[in-house]
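Below is one structure, written out as structure tokens; the observations come after it.
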Amino acid sequence: MLKAEDNERITRVGKGTPCGELFRRYWQPALLSEELPGNDCPPVRVRLLGENLVAFRDSEGHVGLLEAFCAHRRAPMFFGRNEECGLRCTYHGWKFDRHGACTDLPTEPPGSPYQAQVKMIAYPTIEKGGIVWAYMGAPEHQPEPPDYEWTRAPETHRFVSKTWEDCNWLQAMEGGLDTAHSSYVHNDFIGNKNSLRNQDRAPQLEVEQTDYGYYYVSTRNLLDGTKYVRLYHYVMPNQQMRSGTVNFVAGLGKDDPHAVPKMDGHLWVPVDDEHCYVYNWTCAVEYPFPEGYLAGWESFMGRGKDDLIPDTYRLKRNASNDYMIDRELQRTKTYSGIKGINTQDYALQEGMGPIVDRSREFLGSTDRAIITMRRQLLEATRKVEQLETPRGVNPASYRKARPVDRILKAGEAWKDVFPALTTAVW
Ligand code: FES
Ligand SMILES: [Fe+2]
């Protein structure tokens, strides 16, 4: 459990709040690169950390991220004209470049000195790994660009997507840092004693703190005396990395949807206090994704093209229709009765309410990773208040981090096997 004031401290993200100021020390995903497909294409509305913004790709291909409302009389810049390296407000024609400078003021006399004073809020952006990242903090604290291994992977090996989630970012992320729930809500193998998820439903967790956050190792004891061991990374403040190679190592062929050796992760990016975008990345680590693999994977996760409301990143299976739960399926085959791994997560996380009341919890031993994460967030908010640098800001802290999972023989220790496998290759 968490004291009510600590719960507030690590969930609310508006400017000036402890957690909001913490997030403003890191580059954060603002949108997918694909949302701005070409130079001078239509601008896109962005809401990030409780701020309303507008993104546009200028004539040179650079992405601008401006406040959503015009500096003149606050008309929406979304309806602006994206032309000649700037966004022109359609109300009276004032034009701004991606740095927020006013580059044309047609309603004032030519040469008016007023033009130099008119400014829009503009945040720096950088594109990497298929994502437009934004830095919304004080210029003097701006860190080096994000440099997670997956952002360096070749395009043939990488895929990113995003999905809308109707709840606070933290309870969504806690689902990602919680390995135990996969034996329950994601268990599509009811009655199958051989399923990894059924052989040991109480994984033992070890958490090791690092300069970027921590990694944690979960161990499940299998019936044949071997162990299923997964090493996850938590990279401050809102990213999880996990590995999915074990089925490949176990000998499943390239055609098996679960067999492609890869790593996956998410960033849970606060839209505001009560909504987030989940950025999903997946990376093939041995060979490029086979043809058609990704469509199948995204669908399996519940976020494929057919799972989304057209022209949005919102799921068709959502709270308004109880995630289309199939009670007969739940009775006979799958634990949740809901299709799609992430959809199963959203049903539970969104159903907690906009911001879960953590003062009412009874935590257990499988919550160790979540407890450590909350402590690190609290610690980080205090560091920011003291103008110190929190964990995970400096890319050197996480640049080499790679997740891993393996089946280990009895007597084999992850501490001997994993170090060689957890160093970034790209
Ligand atoms: S409100 Fe934008 S130019 Fe007037
Ligand atoms: Fe989950």
Side-chain angles (χ1 to χ4, degrees), residues 43 52 54 56 64 66-83 86-97 100-108 112 114-115 117-122 163 165 167 169-189 196-197 201 203 216 218 230 232 234 239-244 258 264-268 276 278-280 282 297-298 300-303 307 315 317 323 334-352 356 366-367 369-370 373 403 405:
N52 290 320
V54 63
F56 68 103
L66 303 179
E67 60 183 306
F69 305 106
C70 178
H72 178 211
R73 283 198 0 242
R74 312 298 290 163
M77 295 299 287
F78 172 73
F79 296 111
R81 298 171 67 97
N82 186 4
E83 54 185 32
L87 198 56
R88 191 184 288 279
C89 177
T90 40
Y91 208 173
H92 313 96
W94 294 21
K95 183 177 167 187
F96 300 87
D97 69 11
C102 181
T103 55
D104 194 19
L105 201 55
T107 53
E108 296 295 313
S112 162
Y114 186 41
Q115 184 174 329
Q117 295 170 31
V118 178
K119 288 213 175 356
M120 300 269 287
I121 293 173
T163 25
E165 194 168 348
C167 65
W169 73 280
L170 185 59
Q171 68 210 51
M173 183 174 78
E174 288 177 344
L177 296 176
D178 167 28
T179 193
H181 77 282
S182 67
S183 290
Y184 295 90
V185 65
H186 301 319
N187 194 336
D188 291 350
F189 301 97
L196 283 183
R197 288 177 171 160
R201 294 182 174 193
Y216 81 91
S218 93
R230 295 187 91 176
Y232 300 69
Y234 164 55
Q239 181 168 191
Q240 173 244 44
M241 301 177 176
R242 66 175 188 274
S243 175
H258 301 291
D264 306 282
H266 307 279
L267 287 108
W268 290 267
C276 62
V278 191
Y279 284 76
N280 317 295
T282 183
W297 170 253
E298 291 290 288
F300 171 69
M301 297 306 282
R303 53 183 197 236
D307 299 312
L315 302 187
R317 294 179 181 79
Y323 306 86
T334 77
Y335 210 84
S336 69
I338 293 171
K339 182 184 171 296
I341 300 284
N342 287 162
T343 323
Q344 295 159 1
D345 288 322
Y346 294 2
L348 301 177
Q349 294 158 6
E350 293 177 343
M352 292 171 171
V356 67
T366 60
D367 298 313
I370 288 171
M373 174 274 294
D405 64 337

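Note that ligands are numbered from 1 as they come in the structure, with each ligand's atoms numbered from 1 the same way. What you are looking at is a predicted structure, and each value in this text was computed from that prediction instead of being measured.
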| task | Determine the minimum heavy-atom distance between Cys70 and Phe96, stating which atoms define it. | result | SG-CE1, 4.0 Å

| message | Regarding His92, does it place an N, O or S atom less than 2.8 Å from atom 4 (Fe) of ligand 1? | response | yes

| 2.8 Å cut-off met by an N, O or S atom of His72 to atom 4 (Fe) of ligand 1 | yes

What I'd like to find out is whether the side chain of [X] reaches to under 4.5 Å of the side chain of [Y], using heavy atoms alone.
X: Thr179; Y: Arg242; value: no
X: Glu298; Y: Asp307; value: no
X: Asn342; Y: Asn280; value: yes

| Looking at Asp345, which of its N, O or S atoms is the nearest one to the Fe ion (ligand 2)? | OD1

| task | Compute the angle centred on atom 2 (Fe) of ligand 1 spanning SG of Cys89 and SG of Cys70, and express it rounded to 10 degrees. | result | 110°

Mark up the atoms of ligand 1 that fall under 4.0 Å of a heavy atom belonging to [X], in ascending order.
X: Trp94; answer: 3 (S)
X: Ala75; answer: 1 (S)
X: Tyr91; answer: 1 (S), 4 (Fe)

| message | Determine whether a donor-acceptor pair (N or O, by modelled atom type, separation under 3.5 Å) exists between the side chain of Gln344 and the backbone of Ile338. | response | yes

| task | Give a yes or no on whether the backbone of Tyr346 and the side-chain of Glu165 come within a donor-acceptor separation of less than 3.5 Å. | result | no

| Pair Glu67 + Lys119, salt bridge at N-O below 4.0 Å | no

| said: Give me the residue, atom name and distance of the protein heavy atom closest to atom 1 (S) of ligand 1. | reply: Arg73 N, 3.3 Å

| task | Please calculate the NE2(His181)-the Fe ion (ligand 2)-NE2(His186) angle and round it to 10 degrees. | result | 90°

